[in-house]
Amino acid sequence: MAWLSIIGALFLQYSIFHIIRFIYRHWFRKPFSWELYRGEWAVVTGASYGIGAAYAVELAKRGLNVALLARSIDKLRDVAQQVESKGAKSQVISFDFAKASSEDWKQLENQLNSLTVSVLVNNVGVNVSLPTAFLEMEEEKMDQILQVNIVATQRITRIVVPKMVERRKGVVLFLSSGGGVLSPAPYLSVYSGTKAYENALATALAGELESSGIIVQSVTPFFVTSEMSKIRKSSLAVPSAARLARDSLQSVGYEVCSNPYWFHECIATILSYLPLKLQIRYVAKLHRGLREKGLRKSAQKKE
Ligand SMILES: NC(=O)c1ccc[n+]([C@@H]2O[C@H](COP(=O)([O-])OP(=O)(O)OC[C@H]3O[C@@H](n4cnc5c(N)ncnc54)[C@H](OP(=O)(O)O)[C@@H]3O)[C@@H](O)[C@H]2O)c1
């Protein structure tokens with residue numbers, strides 16, 4: 001069966017090419033150089049803890065000053081101290097992306113326009129506290145997810161990017177998610193929809209802003225340790241927020257949609273070989289399990 005051998009040989013070559021590219025990308029490729037951005041400002045939304053705080057510290061390590069936005073002022077101050085301990089400047093801005101009025105936005109615009117902002121990390125994001133069926137979600141929660149993950153993210157991008165265009169320099173990252181982009185996410189329907197939106201927005205902007213010297217990237221991790229994931233301990237499949245932020249900042253300027261942590265890319269590759277129906281069933285079962293576990297935990301706490 002000559003044709004079978006030809007198909008086998010082609011498949012082998014294709015697989016070897018992908019494996020070599022994967023190894024190169026994660027372990028041998030030159031990380032993005034942040035030298036040109038030293039001394040300039042990065043704006044990180046949702047920076048009081050979790051992934052946003054990790055990005056803030058990693059950016060400070062690379063010589064950038066960081067404006068930190070979230071609601072919890074004390075936690076923001078803790079992160080600001082960590083930023084300053086790396087020799088960078090910080091600015092703490094208390095801002096509620098779900099409830100900000102037009103006046104609040106105007107004030108934020110003035111504050112940010114007084115800085116030379118070269119980097120925007122659109123990290124702020126909210127989700128349901130446990131995986132929840134679409135029909136059981138409260139309308140108010142749905143609105144909050146859309147408001148923070150889409151409307152507010154879009155708005156701050158429109159505030160910050162024009163100055164980058166003027167200066168023909170900038171990096172804009174969107175914290176999208178593997179769930180919704182690389183895999184379906186039953187029981188996280190609205191959240192994953194917003195993450196797919198952010199991914200689409202990022203890829204469109206990447207095309208629109210490339211000629212202005214601005215790099216736009218969508219970051220699509222799976223689970224990372226944080227309040228949102230409720231996973232405290234890192235493992236092979238679940239990197240720490242610091243690890244994700246570090247890997248992400250190294251991958252800037254390469255893939256437009258980046259899955260920066262190596263094991264997450266393995267998960268995405270395996271999932272991509274499964275028919276969509278199987279992926280949906282698998283993730284639905286996983287999320288139902290997480291919901292039951294979460295409900296059991298909160299029942300135990302109440303006892
Ligand atoms: N963790 C994961 O497994 C994972 C996986 C893929 C993608 N992501 C994405 O990564 C991003 C960060 O996730 P995370 O896990 O670090 O989340 P997290 O632990 O819940 O942290 C969320 C951050 O956003 C801030 N925030 C929440 N609501 C806000 C509001 N209304 N106004 C202002 N700030 C607000 C929080 O601070 P305050 O409470 O102080 O306001 C906090 O700093 C999100 O966009 C998420 O979708 C996470």
Side-chain angles (χ1 to χ4, degrees), residues 43-58 66-80 82 92-101 104-105 108 120-131 140-141 143-156 173-183 185 188 190-199 201-202 217-235 237-245 247-248 257-261 263-264 267-268 286-287 290:
V43 173
V44 182
T45 66
S48 54
Y49 48 87
I51 297 173
Y55 268 101
V57 174
E58 287 299 319
V66 192
L68 306 149
L69 279 76
R71 293 165 302 180
S72 321
I73 199 84
D74 290 344
K75 288 181 183 158
L76 283 174
R77 287 199 181 114
D78 288 346
V79 181
Q82 293 178 54
V92 163
I93 302 176
S94 171
F95 196 80
D96 188 335
F97 286 102
K99 297 190 180 143
S101 63
D104 296 331
W105 278 105
L108 179 67
L120 170 63
V121 182
N122 274 319
N123 167 79
V124 70
V126 288
N127 194 358
V128 278
S129 59
L130 285 178
E140 204 181 314
K141 187 71 199 175
D143 291 348
Q144 187 210 12
I145 295 175
L146 295 174
Q147 176 62 33
V148 174
N149 299 9
I150 293 184
V151 180
T153 296
Q154 208 164 258
R155 196 153 181 181
I156 195 160
L173 303 182
F174 286 83
L175 263 291
S176 174
S177 171
V181 175
L182 304 170
S183 78
L188 297 179
V190 176
Y191 168 79
S192 66
T194 63
K195 294 289 132 179
Y197 178 91
E198 282 184 76
N199 186 65
L201 180 67
Q217 195 178 48
S218 163
V219 185
T220 58
F222 289 108
F223 284 124
V224 177
T225 60
S226 80
E227 294 279 322
M228 183 188 281
S229 67
K230 299 194 173 51
I231 305 173
R232 311 268 177 249
K233 208 167 162 275
S234 60
S235 63
V238 184
S240 66
R243 172 72 195 260
L244 177 82
D247 289 359
S248 164
C257 295
S258 163
N259 200 354
Y261 176 59
F263 197 79
H264 284 175
I267 298 174
L286 176 78
H287 286 173
L290 290 176

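The chain is numbered in sequence order, starting from 1. Whatever order the structure lists them in is the order used to number ligands and atoms, beginning at 1.
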Look up atom CD1 in I51 and atom CE in M228, then write down how far apart they are to the nearest 0.5 Å. 7.5 Å
Ignoring hydrogens and angles, tell me if any N or O in the side chain of S229 forms a donor-acceptor pair with the backbone of V224 under 3.5 Å. yes
With a heavy-atom distance limit of 4.0 Å, tell me whether K195 approaches ligand 1 through its side chain, its backbone, both, or neither. side chain
Of the listed options Q144, R71, E198, K230, closest to atom 41 (O) of ligand 1 (non-hydrogen atoms): R71
Would you say ligand 1 has an N or O under 3.5 Å from any N or O of F97? yes
Does A70, backbone or side chain, put an N or O under 3.5 Å from an N or O of ligand 1? no
Before giving the answer on salt bridge (Lys or Arg N to Asp or Glu O under 4.0 Å), spell out for D74 and R77 the whole-Å C-alpha distance, their side-chain angles and the decisive distance to 0.1 Å. CA-CA 5 Å; D74 290 344; R77 287 199 181 114; 3.7 Å; yes
Which residue from Q147, E227, K75 reaches closest to atom 19 (O) of ligand 1 through any of its heavy atoms? E227
Side chain, backbone, both or neither: the part of A152 lying under 4.0 Å from ligand 1 by heavy atom: neither
Can you figure out which of N123, D74, L175, T225 has its heavy atom closest to atom 44 (C) of ligand 1? N123
Just to be sure I read this right, does ligand 1 sit under 4.0 Å from the backbone of A47, its side chain, both, or neither, counting only heavy atoms? backbone
How many angstroms lie between atom CD of Q147 and atom CD of E140, to the nearest 0.5 angstrom? 12.5 Å
Polar atom proximity, V224 to ligand 1 (N or O, under 3.5 Å): yes
Check: of S192, P221, S129, min heavy-atom distance to atom 6 (C) of ligand 1 comes from P221
Assess S176 for proximity to ligand 1: is some non-hydrogen atom of it under 4.0 Å away? yes
Logged contact type for F95 with ligand 1, heavy-atom cut-off 4.0 Å, is backbone
Criterion side-chain contact (heavy atoms from CB on, under 4.5 Å) against N122, the qualifying member of I156, L201, L173: I156
Proximity winner for atom 22 (C) of ligand 1, if only heavy atoms of G125, G50, G52, A56 are counted: G125
Would you check, one step at a time, whether the test side-chain contact (heavy atoms from CB on, under 4.5 Å) holds for N127 with L188? CA-CA 8 Å; N127 194 358; L188 297 179; 3.8 Å; yes
If you measure every N or O of S48 against every N or O of ligand 1, does any of those distances drop under 3.5 Å? yes
Would you kindly specify which portion of V126 sits under 4.0 Å from ligand 1, judged on non-hydrogen atoms: side chain, backbone, both or neither? side chain
Mind checking whether F263 and Y261 have parallel, tilted or perpendicular rings, split at 30° and 60°? tilted
Close approach, K99 and ligand 1, non-hydrogen under 4.0 angstrom: no
I51-ligand 1 polar pair, N/O distance under 3.5 Å: yes
